[in-house]
Protein chains: 2
Amino acid sequence: MNNLRSQTAPCVLQLGLCDQRATDLAKAKRVQKWQRDPEGMRLRILEAAKQEFAAHGLAGARVDRIAANAGANKRMLYYHVGNKEDLYLAVLEGAYEKIRSEERGLDLEHLDPPEAIERLIDFTWNYFLRNPEFLALLNTENLAKARHLKRSTKVKSMHSPFVEMIRTVVTRGVESGDFRVAVDPVQLYISIAALCFFYLSNSATLSVIFGRDLLKKEARDERLAHMVALVLAALTGKSTADFGNAVGQGTRSPERQPV
Amino acid sequence: MNNLRSQTAPCVLQLGLCDQRATDLAKAKRVQKWQRDPEGMRLRILEAAKQEFAAHGLAGARVDRIAANAGANKRMLYYHVGNKEDLYLAVLEGAYEKIRSEERGLDLEHLDPPEAIERLIDFTWNYFLRNPEFLALLNTENLAKARHLKRSTKVKSMHSPFVEMIRTVVTRGVESGDFRVAVDPVQLYISIAALCFFYLSNSATLSVIFGRDLLKKEARDERLAHMVALVLAALTGKSTADFGNAVGQGTRSPERQPV
DNA sequence: CAGGAAATTAACCCGTTGGATAAATACTGG
DNA sequence: CCAGTATTTATCCAACGGGTTAATTTCCTG
């Protein structure tokens, strides 16, 4: 259809000359047509690749589109990162790095155990909301049965501190009497992630089959309250108001009733 | 690489002649080379397509491979179903049809509310375990933002009875005093599906980052117990033995410790 | 048993796409 | 300011993959 090669955006800071190339080719020669910026270029490539892989999956992603959206030439991808799969793995590693890095700043150690859990849920939920590409990338990688992730050395090492962080919270909660039982921290984290991840990652199909928009503000708030109430009720044994409140909200307004 | 076109498997019931075609071509002419079987062919195509789409996603799926695995010619797909996207939608609709159909047989109405919930979790979990393609298909469709599902008329209509089924259980549970709160049935189902779905759908990456095999028998049993305990504890307010039991199992055996 | 419709096969078409090559241009150290 | 290197651009291409056309074979019906 449309030839992507002709769409390759010129590099940043091109001194506003590219548009007039036709009018004065001779003069253009004396001026800088592009600037070097390897680091910036690499970052823009990775960002564009993240969007592309998230939007279309590994097989559906187009190298040309990534280049175009990065304001680069296709050749640059191979020069700066490598082939399509290398690019994909770099994006994936970056995505894990980013979330685990933010999680490290959660500082759950200084909170009451129930508050710590609530904060973890709140963070996870909002992180997924803010970074929908992350969800899509994980799904893509799981479709590939983690083939690429297995090759990655970086990723494996960055998860044990995170698990330990949760384990500490659980242990403290049991000792303080806030929690009735000492759950396996990995199991607990998977459950928390599951509640957030599935809702958001599958919101498109769920919205269709249940006939309500699961992403609108009220629905999102309701969901967060539901998840916190669910997990805390199970851990502490005490019911919270929110869990009860969530009851009818989704069903009362008639236009949101599933047909 | 290898030319798929030459791999097209002959039709079923070819009277065992195909292997000897080279030896006696003349005689073969007098015998049936293939049999008509439109319904069977359609089914085999859909089954092969399901596997292919589940394994590679929409963009990654190869029409040639589907044809080959269906023991058919590529042209047959277009003859019996339509183009690639039609094929994909047919597969997707069939997948929804199948799970909702099995769910209808659950007969939760005649169980105690807590038992009914446990049974629903148990069924969902095992259905996902038995039908991993279903998970992959849903992920693929969500990557496409439910673009195809929205076009489907069949799918939307088959979910309201299911939601009503759950709503009845919840209402009965509240009336009997088994449940402390009347949760929104959609919210509850999404949570149950989430706990099962995410664990299985993402088991590949999770197994890598947490350094344990989440699909082995013990891990699966442990997970089911954890989920049932989590949901029932939140609904009933009573702790169950399993939730506590699950504590250390994942962490005690040293080889499963995340590094 | 003829003849036409339904089912199946074989071969081809052509735009797309990942990747490669070589040439041009900017920067840097001497 | 010059030579050499790093970065970027402009083309090119062979393989691939979805889809189509046309011929071939089986089955059904009158």
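Order of the sequence lines sets the chain letters (A, B, ...), proteins ahead of strands, with each chain counted from 1. Predicted model, so just to flag it, every value in this text is computed and none were measured.
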>> Evaluate B:Glu102 against B:Arg130 for side-chain contact (heavy atoms from CB on, under 4.5 Å), listing each step before the verdict.
In response: CA-CA 13 Å; B:Glu102 289 199 26; B:Arg130 291 199 320 269; 2.9 Å; yes
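The side chain of B:Arg75 has D:dT20 as its nearest neighbour among C:dA6, C:dT17, D:dT20. Minimum atom distance to the side chain of B:Lys74 is reached by D:dG19, of the listed D:dT8, D:dC27, D:dG19. Set against C:dG18, C:dT8, D:dT9, the side chain of A:Asn73 has D:dT9 as its closest nucleotide. Taking every side-chain heavy atom of B:Arg36 into account, C:dA6 is the closest of C:dA6, D:dT9, D:dG18. Nearest nucleotide to the side chain of B:Met41, out of C:dT8, D:dT9, C:dA7: C:dT8. The side chain of B:Tyr78 lies closest to D:dG19 when the candidates are D:dG19, D:dT9, C:dG18. Minimum atom distance to the side chain of B:Asp64 is reached by D:dG18, of the listed D:dT9, D:dC27, D:dG18.
Along DNA chain C, the nucleotide closest to A:Gly60 and the one closest to B:Met76 are compared, and the more 5′ of them pairs with B:Met76.
Whole-Å rounding puts the B:Gln35 CD to D:dT24 P distance at 22 Å. Spacing between atom CZ of B:Arg62 and atom C1' of D:dC16 amounts to 8 Å, rounded to whole angstrom units. If you take CD1 of A:Ile45 and C1' of D:dT9, they are 14 Å apart, rounded to a whole angstrom. Atom C1' of nucleotide D:dA6 and atom CD of A:Glu39 are separated by 12 Å, given to the nearest angstrom. Put simply, CZ on B:Phe53 is 14 Å from P on D:dG17, counting in whole angstrom units. As a whole-Å value, the separation of A:Tyr88 OH from C:dG19 P is 15 Å. One atom, CD1 of B:Ile66, and another, C1' of D:dG17, lie 12 Å apart when rounded to the nearest Å. The CG atom of A:Leu77 sits 13 Å away from the C1' atom of D:dT9 (whole-angstrom rounding).
Note on B:Arg104 versus B:Glu97: salt bridge recorded, some NZ/NE/NH1/NH2 to OD/OE distance being below 4.0 Å. The pair A:Arg42-A:Glu39 does not meet the salt-bridge criterion, since no charged nitrogen lies less than 4.0 angstrom from a carboxylate oxygen.
Taking the six-membered ring for Trp and the full ring otherwise, B:Phe197 and A:Phe197 have centroids separated by 6.0 Å or more.
Side-chain N/O atoms of B:His80 include none lying less than 4.0 angstrom from OP1 or OP2 on C:dA6.
With A:Tyr88 as the fixed residue, the side-chain contact (heavy atoms from CB on, under 4.5 Å) test singles out one of A:Lys50, A:Glu52, A:Glu93, A:His148: A:His148.
Heavy atoms of A:Ala59 sit nowhere under 4.0 angstrom from any nucleic acid atom.
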